[in-house]
Amino acid sequence: MLHLLAIAREAGVPLALADFDRISRRTPHIADMRPGGRYTMADLDRIGGGAGGAARASGRGYLRGDVLTVTGRTLADNLREARRPAVRTLFRSVRDPISPSGTLAILSGSLAPDGAVIKTAGVRRLTFRGPARVFEREEDAFDAVVHNRLSRGDVVIIRYEGPKGGPGMREMLVVTGALVGQGLGEEIALVTDGRFSGASHGLRDWPRRPRGRAWRPHRRRP
């Protein structure tokens, strides 16, 4: 999402967070991939890559086959040559999806008035309430995790890791990995103005403000 928004801005194509939420709500989840599912990227590569899933969705109105791709051919032309997995394991049918909607949602509220992104893949707990444990940087939060200074039900907030604060919107995978490793992936929520990748797991929320603004003007502490 982060990269698509940046590409759209450079290309002059209108694209907003609300568009992702609208598309996610109407698009079924059919790929049983980690960290929320069972299969890895290596498994996906062995069955022909993401084109197999796209081929399943192409005939159901979820993709526009007439768009031109970088191959010089249309998407429909490319998908005709895609290898369709014979066994329905990694990819489910769009008629029998893992869930009827996508694996992300756009949130709003006082913490992120311009919107926030949350991953819902593999998460069983979609509501969370607890005391805020606020950290000024990723390293301090990680230190609290490894030294068992957090409790089940805490809401960990890592701030000042955004485009200006990090700088560069640092990846928060170290903290999320440590929480999951301690069996706290579903018991501690994490909110940050930093960045999450597809490898992160658990209840994670990424508030986003346009044009690189963080939650409030700041300079990162030394």
Side-chain angles (χ1 to χ4, degrees), residues 1-9 11-39 41 44 49-67 69 75-76 78-79 82 84-85 88-129 155 162 169 172 176 185-186 189-211 215:
M1 181 178 299
L2 181 72
H3 306 300
L4 287 174
L5 287 169
I7 292 169
R9 182 175 180 178
V13 176
L15 186 65
L17 283 178
D19 296 320
F20 289 93
D21 194 62
R22 173 176 52 83
I23 294 170
S24 181
R25 287 178 183 273
R26 71 185 189 193
T27 305
H29 174 203
I30 64 172
D32 191 8
M33 299 289 296
R34 290 184 182 179
R38 296 176 293 170
Y39 297 96
M41 291 300 293
L44 178 65
R56 287 186 182 275
S58 62
R60 302 294 176 183
Y62 295 106
L63 296 174
R64 285 188 52 187
D66 60 339
V67 296
T69 70
L75 179 61
N78 290 339
L79 292 181
R84 293 175 181 253
R88 288 175 53 189
T89 51
L90 194 153
F91 287 122
R92 298 273 290 271
S93 166
V94 294
R95 293 180 176 178
D96 181 32
I98 298 169
S99 64
S101 59
T103 58
L104 59 86
I106 306 302
L107 309 180
S108 61
S110 58
L111 182 62
D114 292 311
V117 183
I118 187 169
K119 286 182 59 177
T120 59
V123 176
R124 296 181 297 274
R125 184 176 182 179
L126 296 181
T127 60
F128 202 98
R129 183 181 182 92
V155 179
M169 208 165 193
M172 297 292 107
T176 60
E186 297 287 337
L190 195 155
V191 181
T192 181
D193 58 353
R195 178 169 54 92
F196 294 130
S197 75
S200 62
H201 179 67
L203 193 59
R204 310 287 175 251
D205 193 13
W206 165 47
R208 178 187 178 276
R209 283 177 175 262
R211 295 181 295 280
W215 288 348

Over all heavy atoms of both residues, which pair between [X] and [Y] is shortest? Give the atoms and the distance, please.
| X | Y | answer |
| --- | --- | --- |
| Ser101 | Ser99 | O-OG, 2.8 Å |
| Met172 | Gly194 | CG-CA, 4.4 Å |
| Ala189 | Phe128 | N-CZ, 3.6 Å |
| Pro97 | Arg92 | O-NH2, 3.4 Å |
| Ile106 | Asp21 | N-OD1, 3.0 Å |

Test side-chain contact (heavy atoms from CB on, under 4.5 Å) applied to [X] - qualifying residues, sequence neighbours left out:
| X | answer |
| --- | --- |
| Arg22 | Asp19, Arg26 |
| Ala18 | none |
| Ala6 | none |
| Thr69 | Thr71, Leu75, Asn78 |

Quick check: do [X] and [Y] have side-chain heavy atoms less than 4.5 Å from each other?
| X | Y | value |
| --- | --- | --- |
| Phe91 | Leu44 | yes |
| Thr103 | Met33 | no |
| Phe20 | Leu4 | yes |

(request) Applying salt bridge (charged side-chain N to carboxylate O under 4.0 Å, His left out), name anything that partners Arg64, two or more places apart in sequence or on another chain. (result) Asp66

(message) Quick check against the 3.5 Å criterion: does Ser24 have a side-chain atom that pairs as donor or acceptor with the backbone of Leu104?
(response) yes

(request) Give a yes or no answer on whether the side chain of His3 reaches the backbone of Leu5 with a donor-acceptor pair at less than 3.5 Å. (result) no

(request) Report the distance from atom CZ of Arg38 to atom CG of Leu90, rounding to the nearest 0.5 Å. (result) 8.5 Å

